Student: 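Before anything else, here's the structure in question.
For clarity, every value in this text was computed on a predicted model and none was experimentally measured.
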Amino acid sequence: MGARNFFRSLVPGNDHELAATQYADRESASDRGARSKTFGKPSRTARAADRRGQAWEDGDRLKHPSNTPWNRSS
């Protein structure tokens, strides 16, 4: 951004004009945030729940050896 554009950006009231001209080729911050929320990493709580479920499954497999039928208590 040149000095002229910098000082133009400080003038109050021309936000829409600047957005239409200077930032027209850029993605807006709100669009980027919505996209990252939709297509970003899974949430921490989802990963934590996945780990707890896997831990339960691993523990359950230890209780029931592979040669024991699932419908019979050991």
Side-chain angles (χ1 to χ4, degrees):
M1 179 186 299
R4 182 176 178 192
N5 287 337
F6 173 73
F7 289 116
R8 281 184 54 210
S9 69
L10 297 177
V11 176
N14 69 344
D15 296 339
H16 294 286
E17 179 187 336
L18 275 174
T21 58
Q22 191 168 1
Y23 303 110
D25 58 336
R26 296 186 190 175
E27 181 180 22
S28 72
S30 56
D31 289 345
R32 185 174 56 237
R35 183 174 44 82
S36 69
K37 190 172 188 172
T38 304
F39 299 111
K41 298 178 190 174
S43 67
R44 288 182 182 168
T45 53
R47 287 193 301 262
D50 185 44
R51 281 194 293 271
R52 285 193 305 270
Q54 187 64 49
W56 177 87
E57 187 177 343
D58 293 343
D60 198 45
R61 284 185 178 160
L62 290 174
K63 291 179 194 175
H64 303 283
S66 60
N67 60 357
T68 303
W70 284 99
N71 60 358
R72 198 174 76 192
S73 62
S74 50

Student: Taking only residues two or more places apart in sequence, or in another chain, which ones meet R44 in a side-chain contact (heavy atoms from CB on, under 4.5 Å)?
Tutor: R47
Student: To the nearest 0.5 Å, tell me how far R26 CZ sits from R32 CZ.
Tutor: 9.5 Å
Student: My understanding is that only residues two or more places apart in sequence, or in another chain, count here; which of them pass side-chain contact (heavy atoms from CB on, under 4.5 Å) with D25?
Tutor: none
Student: First locate atom OG of S28, then atom CZ of R35, and finally report the distance between them rounded to the nearest 0.5 Å.
Tutor: 10.0 Å
Student: Taking atom types as modelled and ignoring hydrogens, do the side chains of Q54 and D58 form a donor-acceptor contact shorter than 3.5 angstrom?
Tutor: yes
Student: Taking the side chain as every heavy atom from C-beta outward, state whether D60 and K63 have any pair of such atoms under 4.5 Å apart.
Tutor: yes
